[in-house]
Amino acid sequence: MELRQIEAFLAVAEELHFGRAAHRLRMAQSPLSQTIRKLEKSLGTALFERNTRAVSLTTAGFAFLPHARKILEELDLARRAATADSGEVYGRLSIGFSGALNHKTLPPLTRALRNRYPHLALTLTGGLLTQDALDQLDNGSLDLSFIGLPVDAPSLATRSIAVEPLGAILPEDHPLAGRVSIGLAELAVDGFITMPAAQGSTLRDAIFSACTAAGFRPRVVQEVSDPYTALSLVAGGVGVSLMPDSVADIMPGGTVFCPLSGAVPLLNSGIAWNPAVMSPALKLALEIADTVLPTPTP
């Protein structure tokens, strides 16, 4: 497989027209077609469906496309790194996060990374529950991720960055919405909005543990993967939920954050990474995280 073959494949895949792709590459259409055929022969599969009217990607072509793009991106990154001035840092870092639950922890890290290392390419993947993040760290799709703790992941390294009390998220017309604080047991008759059990949510585990300690099992009326969607459903009167108190300043209209009285349940949040694939970019990110996201003191 040659670099020019990958460049030719990307041009055709993006244009879906051999004539336009040839013009983009400043070459004749016949040599472009031959280059694509050689690439398909080396891979042992067709990448394009061709007829007199249209060109489309095959299933194999769709599967090959993101990898081809990554090859060219990495090559460009390597070229810039090789010609960079002394002291400049080039690299690529993939960070995973859940969304609303990280609105106070993700920005300090990404802002510090961009300010300190402006040539470091960041890829952010949102909407990840803890188990999703652990799986992607394990297979190398992510370098670093925000997660809930504790986790059972012996191959990964973790560090706590926040311990937050959970509070009740109520619709504004809920009978308890006007209270300064409530006991969790007072929500035993309400329906709960939680994260899906199958996706390994630490927040869901914390909700169930807290409710069990309060003497009841929560009746789940809706499962959603995104915490902010859960807030929106509470606003719509679908049910109630528990969230860390950091979400109190991003609540959608129609919702109320109410602190819990008594033994308040806590949510422990952290970052995780795979020490087996420690890149220079990840090492720098962890060093900055130590400063902007220190481990909370007991």
Side-chain angles (χ1 to χ4, degrees), residues 1-27 29-51 54-84 89-97 110 113-114 117 119-129 131-146 153 155-156 199 225 272-285:
M1 189 183 303
E2 300 175 6
L3 181 59
R4 65 184 181 86
Q5 293 174 335
I6 297 174
E7 291 173 333
F9 166 76
L10 280 178
V12 178
E14 292 170 358
E15 299 291 344
L16 292 179
H17 190 282
F18 275 84
R20 290 194 298 268
H23 179 74
R24 171 172 151 181
L25 295 172
R26 298 181 180 179
M27 63 187 299
Q29 187 170 331
S30 178
L32 173 60
S33 298
Q34 293 174 15
T35 300
I36 295 297
R37 290 194 188 95
K38 288 180 181 178
L39 175 60
E40 290 175 323
K41 183 177 180 180
S42 68
L43 293 173
T45 186
L47 299 173
F48 296 100
E49 294 281 358
R50 308 164 175 83
N51 58 46
V55 176
S56 60
L57 285 163
T58 63
T59 300
F62 274 113
F64 186 63
L65 182 57
H67 300 286
R69 284 178 172 148
K70 188 171 183 179
I71 289 171
L72 291 190
E73 288 172 358
E74 291 294 336
L75 178 60
D76 178 64
L77 192 62
R79 285 170 175 162
R80 289 187 283 131
T83 58
V89 175
Y90 280 85
R92 189 175 301 281
L93 189 73
S94 297
I95 302 176
F97 64 103
T110 55
L113 284 169
R114 291 196 182 281
Y117 305 111
H119 301 298
L120 189 64
L122 298 181
T123 300
L124 305 177
T125 301
L128 296 179
L129 298 183
Q131 189 56 53
D132 297 327
L134 297 179
D135 291 342
Q136 293 193 38
L137 288 168
D138 196 52
N139 66 28
S141 299
L142 290 176
D143 299 304
L144 180 69
S145 189
F146 291 85
S155 65
L156 303 178
Q199 291 180 258
S225 298
W273 64 96
N274 190 339
V277 288
M278 181 68 70
S279 66
L282 176 57
K283 183 178 179 181
L284 293 173

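On a predicted model such as this, the values are computed, not experimentally measured, just so you know.
- Once rounded to the nearest 0.5 Å, the distance linking CD of Gln29 with CZ of Arg20 reads 10.5 Å.
- Closest of all the heavy-atom pairs between Trp273 and Asp143 is CB-O, 3.4 Å.
- The closest donor-acceptor contact from the side chain of Glu49 to the backbone of Ser56 lies at 3.5 Å or more, if one exists at all.
- Every residue meeting the ring-ring contact (aromatic ring centres under 6.0 Å, His included) condition with Phe64, not counting sequence neighbours, appears here in chain and number order: Phe9.
- In summary, of the residues considered (Thr110, Leu282, Leu284), a side chain to side chain contact (heavy atoms under 4.5 Å, CB included) with Leu93 occurs for Leu282 alone.
- In the model, Asp132 has no side-chain atom that pairs as donor or acceptor with a side-chain atom of Gln136 under 3.5 Å.
- Atom CG of Leu134 and atom OG of Ser145 lie 7.5 Å apart (nearest 0.5 Å).
- Phe146 has its side chain within reach of Ile95: a pair of non-hydrogen atoms, C-beta onward, lies under 4.5 Å apart.
- A pairwise comparison of heavy atoms in Arg50 and Ile36 identifies NH2-CG2, 3.1 Å as the closest pair.
- The nearest pair of heavy atoms linking Ala8 to Leu25 is CA-CD1, 3.8 Å.
- Closest approach of Ala63 and His67 over heavy atoms only: O-CD2, 3.1 Å.
- Of the inter-residue distances, the one linking Leu32 atom CG with His23 atom NE2 reads 13.0 Å to the nearest 0.5 angstrom.
- Residues Leu144 and Ala285 share a closest heavy-atom pair of CD2-CB, 4.4 Å.
- Using modelled atom types, one side-chain atom of Thr58 and one backbone atom of Ala46 make a donor-acceptor pair closer than 3.5 Å.
- Taking NZ of Lys38 as the reference point, atom NZ of Lys41 lies at 9.5 Å (rounded to 0.5 Å).
- For Ser225, the side-chain contact (heavy atoms from CB on, under 4.5 Å) partners are Pro196, Gln199, not counting sequence neighbours.
- With rounding to the nearest 0.5 Å, the separation of CZ in Arg92 from OG1 in Thr123 is 6.0 Å.
- Here CZ of Phe48 is found 7.5 Å from CG of Leu16. Values are rounded to the nearest 0.5 Å.
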query: Should Arg37 and Ser33 be marked as a side-chain contact (heavy atoms from CB on, under 4.5 Å) after you check the CA-CA gap, both sets of side-chain angles, and the distance that decides it?
result: CA-CA 6 Å; Arg37 290 194 188 95; Ser33 298; 3.7 Å; yes
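- With sequence neighbours excluded, the residues forming a salt bridge (charged side-chain N to carboxylate O under 4.0 Å, His left out) with Arg24 are Glu14, Glu15, listed by chain and number.
- The side-chain heavy atoms of Ser94 and Thr125, taken from C-beta on, include no pair separated by under 4.5 Å.
- Between Arg4 and Thr35, the shortest heavy-atom distance links the atoms NH1-OG1, 3.4 Å.
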